[in-house]
Protein chains: 2
Amino acid sequence: MAARPLSADEQQAWRAFLGATKHVFEQLDRQLQHDAGMPLAYYDILVLLSEAPDRTLRMSELARRSRSSRSRLSHAVDRLEQAGWVARERCPTDRRGYFATLTDEGFAQLTAAAPGHIAAVRSVLFDPLSPAQVASLRAICERVLDQAGEQPPAPGSAATTLPAVGE
Amino acid sequence: MAARPLSADEQQAWRAFLGATKHVFEQLDRQLQHDAGMPLAYYDILVLLSEAPDRTLRMSELARRSRSSRSRLSHAVDRLEQAGWVARERCPTDRRGYFATLTDEGFAQLTAAAPGHIAAVRSVLFDPLSPAQVASLRAICERVLDQAGEQPPAPGSAATTLPAVGE
DNA sequence: TCAACCACGTTGAGGACTCAACTATCCCTG
DNA sequence: CAGGGATAGTTGAGTCCTCAACGTGGTTGA
């Protein structure tokens, strides 16, 4: 399976991508950790909760939206719960399930953290780019994500298309 | 400091970027870990060493090229040394320093791991993109990296430009 | 020559993530 | 309504990373 190696263009695109993403996430993580005491992944969880009705989501739904594994989310919510920023509650209709709710304290933390984080996102990612590049980046990332949905046509599986999961 | 919030376009670009990068690195890390028993970060270290004269680099130079902290690199080389893929050697002319060398065993591992990794990079990142998008992605990432070089004009520091570090 | 300073790299503690195994609950079929 | 299989979520061990502190060796200037 001697895969065709990357072309020179692809090679350089790949290295630039590796470097740029490493840099971006390192800056953002450091900024958030320093100024708000949470990593980027946790900030995202709080954002997702803050946007949900009643600031509440089922664990599995939260995992899906944050693109994390159940395990990762469970560990993360453990910590956020310890911090008092999120509360867990049993789901009355399905007793396997739990809801995660953003507490007032969590909302306050998020509100406090947002301006610094947004400024960092701007300065590290958007400021250097032209509007056309921002649009292009978005199209590229959405393309990659679309492709990600149409998973490996697992050998033997016929129709794996899921009934649109109304985002 | 109520930073201007992200525009709707920026917002969506940002979320797509978060999602796409998360997906890409998750896939690649999983593939490498499963098929070659190393995370992407270690693979990159081996690549950098394999390209260097005598497959050898000073720790600090390796840290710079891999964009990792000295600490991270030190831990990583610990592990790679335990695996027998890299060897450390004192620098004779500067006794604070060390060289890291890719061993034959390490080179063999890298050679074995490369095809699968490259195939994964293609399938997850490049295959979904048009050539124009690949070029665009590269330009975008290089722009972000350029900007990263011109660090914060630290208050009070006059000329922080470094004497081009011959790449 | 010696003190102050800087550069190289390591160390250890603690946090976040992965993977596999596990419990508990729900649902479907016979 | 029993049994099997899927689904929801948790748990613990192990890995990788970060941060701050440290030892050691080079360098510079009075």
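So that the names make sense, note that chain A is the first sequence line, chain B the second, and so on, each numbered from 1.
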Practice item. Indicate yes or no: does B:E26 engage B:K22 in a salt bridge with an N to O separation below 4.0 Å. Key: no
Review point. Is any NZ, NE, NH1 or NH2 atom of the basic residue among A:D78 and A:R88 found under 4.0 Å from an Asp or Glu carboxylate oxygen of the other?
Key: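 Yes.
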Give, for atom [atom1] of [X] and atom [atom2] of [Y], the distance between the pair rounded to the nearest 0.5 Å.
X      : Y      : atom1 : atom2 : answer
B:S50  : B:L102 : OG    : CG    : 6.5 Å
B:C141 : A:R15  : SG    : CZ    : 14.0 Å
A:W14  : B:L137 : CH2   : CG    : 10.0 Å

Review point. A:R95 side chain N/O closer than 4.0 Å to the phosphate oxygens (OP1, OP2) of D:dG9?
Key: no
Practice item. Compare side-chain N and O positions of A:R88 against OP1 and OP2 of D:dG9 and report whether any pair is under 4.0 Å apart. Key: no
[atom1] of [X] versus [atom2] of [N]: gap in Å, rounded?
X     : N      : atom1 : atom2 : answer
A:L32 : D:dT18 : CG    : P     : 15 Å
B:M59 : D:dT24 : CE    : P     : 18 Å
B:Y42 : D:dT15 : OH    : P     : 10 Å
A:K22 : D:dC16 : NZ    : P     : 14 Å
A:Q33 : D:dA20 : CD    : C1'   : 14 Å

Point to revise | 4.5 Å side-chain heavy-atom contact, A:Q109 and A:E105 | key: yes
Review point. Are any non-hydrogen side-chain atoms of B:R79 and B:I45 less than 4.5 angstrom apart?
Key: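 When only atoms from C-beta onward are counted, B:I45 and B:R79 do not touch, as no gap falls below 4.5 Å.
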Review point. Is there a donor in the side chain of B:S69 and an acceptor in the side chain of B:S71, or the other way round, less than 3.5 Å apart?
Key: no
Exercise for review: Go through the side-chain N and O atoms of A:S136 and B:S136 and say whether any donor and acceptor fall under 3.5 Å apart.
Suggested key: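 Yes, side-chain donor-acceptor contact under 3.5 Å.
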Exercise for review: For side chain to side chain contact (heavy atoms under 4.5 Å, CB included), just list the numbers for A:T101 and A:D54, CA-CA rounded to whole Å, side-chain angles, deciding distance to a tenth of an Å, and then say yes or no.
Suggested key: CA-CA 8 Å; A:T101 300; A:D54 295 322; over 6 Å; no
Exercise for review: Please work out which residues in residues 70-82 of chain A have a non-hydrogen atom less than 4.0 Å from an atom of DNA chain C and list them by number.
Suggested key: A:S71, A:R72, A:H75, A:R79
Which is true for [X] with a 4.0 Å heavy-atom rule: it touches a base, it touches only sugar-phosphate, or it touches nothing?
X     : value
A:A63 : nothing
A:S69 : sugar-phosphate
A:D94 : sugar-phosphate

Review point. With pairs taken as Watson-Crick or G-U wobble and both distances under 3.5 angstrom, which stems of at least three consecutive pairs involve DNA chain C?
Key: C:1-30 with D:1-30
Review point. For DNA chain C, which nucleotides open and close the run of contacts to chain A, 5' to 3', at under 4.0 angstrom from a non-hydrogen atom?
Key: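 The contacted stretch runs from C:dG15 to C:dC26.
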Practice item. Tell me which of A:P92 and A:A41 sits closer to the 5' end of DNA chain C, going by the nucleotide each one is nearest to. Key: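 Nearer the 5' end of the strand: A:A41.
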Practice item. Walk me through it: do B:L6 and B:Q12 pass the test side chain to side chain contact (heavy atoms under 4.5 Å, CB included)? Key: CA-CA 9 Å; B:L6 298 180; B:Q12 297 198 289; over 6 Å; no
